[in-house]
**Q** 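Starting off with a structure, shown below.
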Amino acid sequence: MSNGVHEIEDAKLLFVFGYNGADSHPIVARRIVRAKRKGAQIICVDPRRIETARIADLHLQLRNGSNLALVNSIAHVIINEGLTDDKFIAEHSHGFEEFKELTKRYSPEAVTKITQISPEDIRKAARLYATSGQSMILYGMGVCQFAQAVNVVKGLANLAIMTGNFGRWGVGIGPVRGQNNVQGACDMGALPNSYPGYQNVTVPEIQAKFEKAWGVPLSNKVGIPLTQVPHYVLHEPEEKKIRAYYVFGEDPAQSDPDLAEVRESLAKLELVILQDIYMNRTGQFADVVLPSTGWNEHDGVYSCCDRGFQRIRKVLNPPADADVLTDWDIICRISTAMGYPMKYNNTEEIWNEVIDLCPSFIGATYEKLEKYGNIQWPCRSKDLADQGTSFLHKDGKFANPDGKAKFSSIDWQPPTELENDDFPLILSTNREVGHYSVRTMTGNCRLLRNLEDEPGWIQMNPELCQELNVKRGEIVKVSSKRGHCLTRCLPTDRVKKQAVYMTYQWWIGACNELTNAALDPISNTPEYKYCACKVEKIKNQAKAEKDVQMAYAQIRVAMGVTTEKGGPAA
Ligand SMILES: Nc1nc2c(c(=O)[nH]1)N[C@H]1C(S)=C(S)[C@@H](COP(=O)(O)OP(=O)(O)OC[C@H]3O[C@@H](n4cnc5c(=O)[nH]c(N)nc54)[C@H](O)[C@@H]3O)O[C@H]1N2
Ligand SMILES: Nc1nc2c(c(=O)[nH]1)N[C@H]1C(S)=C(S)[C@@H](COP(=O)(O)OP(=O)(O)OC[C@H]3O[C@@H](n4cnc5c(=O)[nH]c(N)nc54)[C@H](O)[C@@H]3O)O[C@H]1N2
Ligand SMILES: [Mo]
């Protein structure tokens, strides 16, 4: 995020784009509500009438997959109505003339068929965003989970640059990132192309720095992204094939797209190692399981989506009979066994090594994290007075070599797999507040299971339910070109008739049996938000209910949650 989460409250206009904070991040959503109370206006861009839409001044209920057409059209209006910040553009950017040319093709009238938004509403959104004086964009998976995703992020950046909404308090662009520590995983270099602190593996000076620190030669080759693993297992020539897979805090057999293909690749691998705090779906393919401690059983540092480092502290000892170690201790022992002795006495020693190797983290010492509670990088000095950086690009200085922001001129492109005669509906997948991701954590909690359990739900417009003659709670069959699954019908007028919505945590109602593994070419994120599907009525409901219960019991036994007889496993 270019801004801090706490700044959300001070924005005068929030442009919430493909982000459902009320379900995904209730604490961040409180900030949106508080901003509204302080007088901020809200524009919500989402194909569903989500909670943010309910409190918004303007809801653009766009057609799924039309993001960049809408964003370019908003830019068109801002330019045509003379609402640009010309001084900011002239002093702090380049590429505007080319961008201006591109937007000529995106008049509100020209895109209304693609976006299903009226020209008046597009104009209204453009005026609100460009004239508030302090506009902030928040976006989420409704942007990222498309084959055209990074380009939409660039399109949103165009809006912020052309209106000068960068480099001040309460403006900017906030990708409100997913898990509590997904930002931390990336900060620490759990990416195929970088060391900790976004230092690229292909840059010789950086390679030399890490070789010196760690005392071993290092590769300058970019690795393989998670979502390309099936391809590298199944389709690459022998010398390039992946043969072993060490899966750590991830459940690809549940959360990756096109699960049939994922299962095929997991079965084909010679070695699968799973390091997790629970058994998960991938565990059923694992040759080795390394059980580790959970978030309240170890110390560490998390990064918030706004670059803020925070300490977490151990509050519980693992049960005496549990054979678990901390994740970092497991990694140290495996490394040592493979011939590279790795030893630390505590997490502070690890942290000190990290920050000393990362210029933008160097000032985030344990001492300061303790004293201030939160340090946002970049924090470039160990001096106690340096408390880090709440918002980036101060005084219009950007991270490009010339210090200027760059306009991107990119055309909208439609999603990869469109509706057709066999699969007439759009399937979009997302989250709900009551369960978390692959459900290892919340699914092991009886209280939450009692509230919501298998096979989950599919959100459908009431008119569609009527056409298909299905009622609330009835089990339906959902299929795509790639597979099928069973789930329950949930009629709701929050969604339009053309698209249905499933959450991805259910093991029986597993929407990733259906999703398309098409990837954004830059981020490698799959198109989870769009594929073609069909929904069918099941005549024999009693049998369907029984099938679901049987399949569920089998999975729970295979995952070691229950015994064959149904009692709790040891
Ligand atoms: N309770 C709970 N909280 C979670 C999680 C969880 O599983 N459960 N998961 C965490 C993770 S990993 C993440 S990444 C975050 C994600 O949090 P969010 O970014 O909120 O993720 P989603 O709910 O997947 O998608 C957001 C919205 O995108 C909309 N959308 C779909 N298609 C389009 C489109 O074409 N254009 C636009 N503009 N919008 C579209 C959907 O209707 C949805 O409301 O949540 C985190 N928080
Ligand atoms: N169809 C569809 N699929 C999606 C999405 C979608 O919107 N639609 N969203 C995608 C997104 S944004 C994400 S981020 C992924 C998330 O998918 P995953 O990352 O696969 O799921 P999580 O539930 O976040 O956690 C993965 C594993 O980490 C384990 N774990 C938790 N804490 C610890 C720990 O401290 N140490 C270790 N070693 N393990 C731990 C959990 O038990 C779990 O098995 O799903 C993606 N899949
Ligand atoms: Mo995520």
Side-chain angles (χ1 to χ4, degrees), residues 16-20 22-24 44-54 59-70 111-118 121 139-149 152 257 412-432 456-468 470 472 474 476-485 487-504 506 509-516 518 526-537:
V16 184
F17 200 106
Y19 171 56
N20 179 17
D23 278 77
S24 308
C44 173
V45 184
D46 202 295
R48 298 186 301 158
R49 192 153 44 78
I50 56 172
E51 284 299 277
T52 310
R54 238 170 29 82
H59 177 204
L60 304 183
Q61 198 168 7
L62 81 177
R63 186 181 201 284
N64 308 60
S66 66
N67 285 337
L68 195 54
L70 175 67
V111 300
T112 185
K113 249 179 101 174
I114 299 170
T115 60
Q116 296 175 344
I117 308 284
S118 71
D121 276 354
Y139 71 86
M141 293 304 117
V143 168
C144 304
Q145 293 177 334
F146 279 102
Q148 184 178 43
V152 180
W412 169 77
Q413 103 205 3
T416 316
E417 184 182 87
L418 299 176
E419 312 84 278
N420 51 59
D421 290 346
D422 295 333
F423 301 104
L425 294 165
I426 301 166
L427 172 70
S428 184
T429 64
N430 52 280
R431 341 178 119 62
E432 66 195 62
W457 300 88
I458 182 166
Q459 296 189 343
M460 299 166 64
N461 182 278
E463 254 182 65
L464 178 65
C465 298
Q466 217 165 24
E467 262 173 37
L468 297 173
V470 292
R472 189 179 199 279
E474 217 176 295
V476 291
K477 181 179 172 188
V478 193
S479 23
S480 78
K481 209 166 112 185
R482 290 157 292 277
H484 61 85
C485 67
T487 187
R488 285 184 208 284
C489 163
L490 180 65
T492 167
D493 58 12
R494 287 184 182 235
V495 308
K496 290 197 207 169
K497 199 177 153 193
Q498 64 206 7
V500 294
Y501 297 79
M502 295 173 77
T503 58
Y504 68 97
W506 305 108
C511 64
N512 280 328
E513 299 291 349
L514 319 171
T515 47
N516 186 359
E527 194 149 61
Y528 290 120
K529 290 278 184 277
Y530 205 115
C531 73
C533 81
K534 86 177 154 198
V535 179
E536 289 169 284
K537 186 180 176 71

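The first residue in the sequence is number 1, and the count goes up from there.
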**Q** Quick check: are there more than 12 heavy atoms from other residues, nucleotides or ligands sitting under 6.0 Å from CD of Glu536?
**A** yes
**Q** Would you say that Asn512 contacts Tyr528 through its side chain, given a criterion of any heavy-atom pair below 4.5 Å between the two side chains?
**A** yes
**Q** Could you tell me the separation between the CD atom of Gln466 and the CE atom of Met460, rounded to the nearest 0.5 Å?
**A** 11.5 Å
**Q** For the pair Trp412 (side chain) and Gly65 (backbone), establish whether a donor and an acceptor sit closer than 3.5 Å, ignoring hydrogens and angles.
**A** yes
**Q** Who passes side chain to side chain contact (heavy atoms under 4.5 Å, CB included) against Glu51, sequence neighbours left out?
**A** Ala22, Arg54, Arg494
**Q** Taking only residues two or more places apart in sequence, or in another chain, which ones meet Cys485 in a side chain to side chain contact (heavy atoms under 4.5 Å, CB included)?
**A** Met502, Leu514
**Q** Within the side chain of Thr112, is there an N or O that forms a donor-acceptor pair under 3.5 Å with the backbone of Ile117?
**A** yes
**Q** Considering only distance and modelled atom types, tabulate donor-acceptor pairs under 3.5 Å from the side chains of residues 139-148, sequence neighbours left out.
**A**
from, atom 1, to, atom 2, distance (Å)
Gln145, OE1, Lys529, NZ, 2.6
Gln148, OE1, Gln413, N, 2.8
Gln148, NE2, Asp411, O, 2.9

**Q** Salt bridge (Lys or Arg N to Asp or Glu O under 4.0 Å) with Glu474: which residues, sequence neighbours excluded?
**A** Lys537
**Q** What is the distance from atom CD of Gln459 to atom SG of Cys489, rounded to the nearest 0.5 Å?
**A** 10.5 Å
**Q** For Lys496, give me all partners under side chain to side chain contact (heavy atoms under 4.5 Å, CB included), at least two apart in sequence or on another chain.
**A** Gln61, Gln116, Gln498
**Q** For the residue pair Leu62 and Asn67, establish whether any side-chain heavy-atom pair is separated by less than 4.5 Å.
**A** yes
**Q** If the condition is salt bridge (Lys or Arg N to Asp or Glu O under 4.0 Å), which residues does Asp493 pass it with, not counting sequence neighbours?
**A** Arg49
**Q** Sequence neighbours left out, what passes side-chain hydrogen bond (donor to acceptor under 3.5 Å, both in side chains) with Lys481? Give chain and number order.
**A** none
**Q** With sequence neighbours excluded, tell me which residues meet side-chain hydrogen bond (donor to acceptor under 3.5 Å, both in side chains) with Arg63.
**A** Glu419, Tyr530
**Q** What is the distance from atom NZ of Lys477 to atom SG of Cys533, rounded to the nearest 0.5 Å?
**A** 12.5 Å
**Q** Just verifying a value: how many Å separate Ile50 CD1 and His59 NE2, rounded to the nearest 0.5 Å?
**A** 6.5 Å
**Q** As an exercise, state the distance from OG1 of Thr52 to CZ of Phe17, rounded to the nearest 0.5 Å.
**A** 13.5 Å
**Q** Could you tell me which non-hydrogen atom of Pro424 sits nearest to which non-hydrogen atom of Asp422, and how far apart they are?
**A** CD-O, 3.5 Å
**Q** With a 3.5 Å distance limit and no angle check, can you tell me whether Asn420 reaches the backbone of Phe423 through a side-chain donor-acceptor pair?
**A** yes
**Q** With respect to Thr115, which candidate in Leu68, Val45, Leu70 satisfies the side-chain contact (heavy atoms from CB on, under 4.5 Å) definition?
**A** Leu70
**Q** Does the Ser66 side chain pair with the main chain of Ala69, one donor and one acceptor, at a distance under 3.5 Å?
**A** no
**Q** With heavy-atom distances below 4.5 Å as the criterion, would you say the side chains of Glu417 and Arg482 are in contact?
**A** yes
**Q** Which atom pair, heavy atoms only, marks the closest approach of Ala532 to Ser480?
**A** O-CB, 3.4 Å
**Q** For residues Val478 and Ile458, determine if any side-chain heavy atom of one lies less than 4.5 Å from a side-chain heavy atom of the other.
**A** yes
**Q** Under 4.5 Å between any side-chain heavy atoms of Ile426 and Val500, yes or no?
**A** no
**Q** Holding to side-chain hydrogen bond (donor to acceptor under 3.5 Å, both in side chains), I want the full list of residues that pass it with Tyr504, two or more places apart in sequence or in another chain.
**A** Arg431, Ser437
**Q** Could you tell me which residues satisfy salt bridge (Lys or Arg N to Asp or Glu O under 4.0 Å) with Arg48, sequence neighbours excluded, listed by chain and number?
**A** none
**Q** Keeping the roles fixed (side chain from Arg488, backbone from Arg472), state whether a donor-acceptor pair exists under 3.5 Å.
**A** no
**Q** Is there side-chain contact between Asn461 and Thr492, with at least one heavy-atom pair below 4.5 Å?
**A** no
**Q** Is the closest side-chain heavy-atom distance between Asp46 and Val16 below 4.5 Å?
**A** no
**Q** Verify, without hydrogens or angle tests, whether Glu513 (side chain) and Gly483 (backbone) share a donor-acceptor contact under 3.5 angstrom.
**A** no
**Q** Taking only residues two or more places apart in sequence or in another chain, which ones pass side chain to side chain contact (heavy atoms under 4.5 Å, CB included) with Asp421?
**A** none
**Q** Starting at OG1 of Thr429, measure out to OH of Tyr501 and round the result to the nearest 0.5 Å.
**A** 10.5 Å
**Q** May I ask you to decide if Cys531's main-chain N or O and Asn516's side chain share a donor-acceptor pair within less than 3.5 Å?
**A** no
**Q** Of all residues at least two apart in sequence or in a different chain, which pass the side-chain hydrogen bond (donor to acceptor under 3.5 Å, both in side chains) check with Thr503?
**A** Glu432, Gln505, Trp506
